[in-house]
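One structure is given here, and the rest of the page talks about it.
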2 protein chains.
Amino acid sequence: MIETRRKLIDGTIATLRDKGIAGTSARAIAAAAEVNQALVFYHFGSVDALIDQACREGAAERVEFYRSRFSQVSSLRELLALGQELHAQEREAGNVTVLAQVLAGAQQDANLADAARHALLLWVAEIETALARLLVGSPIAELADPAGLARAVTAAFIGIELYEGVDSAGAQNALSALEQLTLLTEIVEDLGTVGRRAFLSRIRRTHPALRPLHDSGSSTTRSEIESD
Amino acid sequence: MIETRRKLIDGTIATLRDKGIAGTSARAIAAAAEVNQALVFYHFGSVDALIDQACREGAAERVEFYRSRFSQVSSLRELLALGQELHAQEREAGNVTVLAQVLAGAQQDANLADAARHALLLWVAEIETALARLLVGSPIAELADPAGLARAVTAAFIGIELYEGVDSAGAQNALSALEQLTLLTEIVEDLGTVGRRAFLSRIRRTHPALRPLHDSGSSTTRSEIESD
DNA sequence: GTCTATAGAGGGATAGAC
DNA sequence: GTCTATCCCTCTATAGAC
């Protein structure tokens with residue numbers, strides 16, 4: 001029954017959130033899902049395969065949920081605000097925590113690593129698309145690589161999520177600092193014609209190796225993600 | 001014997017690195033340390049207590065090792081370069097991975113959370129001290145809070161470390177992006193008198209709420225760390 | 001301090017009844 | 001598809017010999 005499958009996926013997410021990767025056993029999942037423990041193996045074959053699937057489906061669902069929000073963002077500040085809202089909401093639901101736990105388990109498990117990379121790429125692709133759009137025409141575009149920036153932002157959010165679990169005040173400080181960095185980029189963008197020209201010439205003079213970055217080939221395409 | 005204690009701490013770090021938090025059992029640790037499994041409980045009482053101790057001592061040792069390097073850094077670019085070197089070296093030794101694994105386990109365990117927070121604060125304090133020194137006199141000091149920035153950087157490094165385990169090329173992109181952000185701050189610092197004045201007035205005009213931040217009380221003191 | 005042996009709980013996975 | 005029962009393994013922790 002498709003209903004049982006759904007319960008097991010949801011139960012896995014709840015278990016990863018509440019007990020961590022080390023406490024996510026077939027018995028614990030079955031208890032959270034309120035189904036028989038043997039059904040884990042009937043439907044998914046193994047606990048690892050279930051965790052893998054829960055990670056993928058959980059991320060896909062949440063990214064889908066936020067997709068239109070990402071597409072409506074019209075400034076870096078708004079993007080950060082969306083990130084903070086997402087951080088707060090998903091923390092309660094536990095979806096980012098789940099990703100962090102799977103990522104921790106994935107360091108020693110090639111199958112989980114596939115799932116974690118795939119789930120992360122879903123988030124990266126949204127952020128990268130938004131960044132690429134927002135940076136068009138900005139002097140920062142001379143310097144910033146949307147692909148790398150999107151990955152750094154995603155990794156930083158995972159790190160802050162983990163940090164929040166042990167020091168929530170410190171994590172708030174970290175988020176404020178990211179906000180300040182966003183202000184820095186806004187100020188650069190608002191420099192006006194004279195300042196902007198000085199900024200650009202400064203880049204060219206001090207960092208001649210930097211060229212417009214649209215040829216790196218590292219941008220994240222949809223086909224790259226949908227390979228399962 | 002003090003030698004056995006040492007072996008167990010080292011064995012715990014090696015096990016966390018190679019098998020993750022989910023695979024770090026008394027038996028696995030004892031095998032890595034090449035001592036009898038019962039000695040885990042004789043010397044530390046429980047597996048959790050040993051992980052706790054290994055996390056604290058491992059971080060303290062590595063921070064101590066890098067302390068003079070941090071104190072010699074004289075620019076944000078050098079600080080980032082030190083961070084990249086540290087990332088590469090500690091990845092092999094596994095000390096950052098260990099921190100990430102303990103952090104994952106700490107989400108559901110208050111004792112481990114204490115240890116993880118303590119270990120993270122050791123790194124945060126070094127980075128914060130360096131940042132506070134480097135930002136003196138910089139126009140960025142009007143905007144940047146060294147305490148929050150140090151926490152963001154530390155969390156980002158943990159996140160990138162986990163990301164590297166599932167997508168090393170992507171993690172390199174993320175590190176490059178951080179490098180680009182550093183260049184952005186350098187350029188702002190190099191704006192010259194006219195540009196700098198424009199920058200400062202821009203901050204005051206667009207963000208009047210921002211005052212010099214040295215009164216926030218959130219800076220990390222040594223006494224705050226040495227409370228065990 | 002270190003060892004062996006073991007108790008007792010919980011884990012993954014399967015067989016077979018329904 | 002779902003359930004019970006079970007096998008066999010690994011786990012934490014301790015008792016007791018040395």
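Quick note on labels: first sequence line is chain A, next is B, and so on, each numbered from 1. Just so you know, these numbers come straight off a predicted model, no measurement behind them.
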* List for me each residue that meets salt bridge (charged side-chain N to carboxylate O under 4.0 Å, His left out) alongside B:Asp10, sequence neighbours excluded, and say none if there are none. => B:Arg6
* Using salt bridge (charged side-chain N to carboxylate O under 4.0 Å, His left out) as the criterion, list what pairs up with A:Arg17, not counting sequence neighbours. => none
I'd like to check the side chain to side chain contact (heavy atoms under 4.5 Å, CB included) partners of [X]; sequence neighbours left out, ordered by chain and number.
X: B:Ala104; value: A:Gln101, A:Ala104
X: A:Ala152; value: B:Ala174, B:Ala177, B:Leu178
X: A:Ser25; value: A:Arg27, A:Ala28
X: A:Ala156; value: B:Ala156

* Structure fact -> Under a 4.0 Å heavy-atom criterion, DNA chain C is touched by chain B from C:dG1 to C:dT4
Pull out every protein N or O sitting under 3.5 Å from an N or O of nucleotides 8-11 of chain D, one pair per line with the distance.
from: D:dC11; atom 1: OP1; to: B:Ser25; atom 2: OG; distance (Å): 3.1

* To do: Taking only heavy atoms on the protein side, list every residue of residues 36-46 of chain A lying under 4.0 Å from any atom of DNA chain C, sorted numerically.
  => A:Gln37, A:Ala38, A:Phe41, A:Ser46
* Tell me, which pairs form a salt bridge (Lys or Arg N to Asp or Glu O under 4.0 Å) where one or both residues lie in residues 168-182 of chain A, sequence neighbours left out? -> none
Give every donor-acceptor pair under 3.5 Å between a side-chain atom in residues 78-87 of chain A and any protein atom, sequence neighbours left out.
from: A:Glu78; atom 1: OE1; to: A:Ser74; atom 2: N; distance (Å): 3.1
from: A:Glu78; atom 1: OE1; to: A:Ser74; atom 2: OG; distance (Å): 3.4
from: A:Glu78; atom 1: OE2; to: A:Ser74; atom 2: OG; distance (Å): 3.0
from: A:Glu85; atom 1: OE1; to: A:Arg69; atom 2: NH2; distance (Å): 2.8
from: A:Glu85; atom 1: OE2; to: A:Arg69; atom 2: NH1; distance (Å): 3.0
from: A:His87; atom 1: NE2; to: A:Glu164; atom 2: OE1; distance (Å): 2.5

* Asked: With a 3.5 Å cut-off and no angle check, do the side chains of B:Thr97 and B:Glu161 form a donor-acceptor pair?
  -> yes
Can you give the donor-acceptor pairs under 3.5 Å from side chains of residues 35-49 of chain B to other protein atoms, not counting sequence neighbours?
from: B:Asn36; atom 1: OD1; to: B:Ala38; atom 2: N; distance (Å): 2.9
from: B:Ser46; atom 1: OG; to: B:Ala49; atom 2: N; distance (Å): 3.1

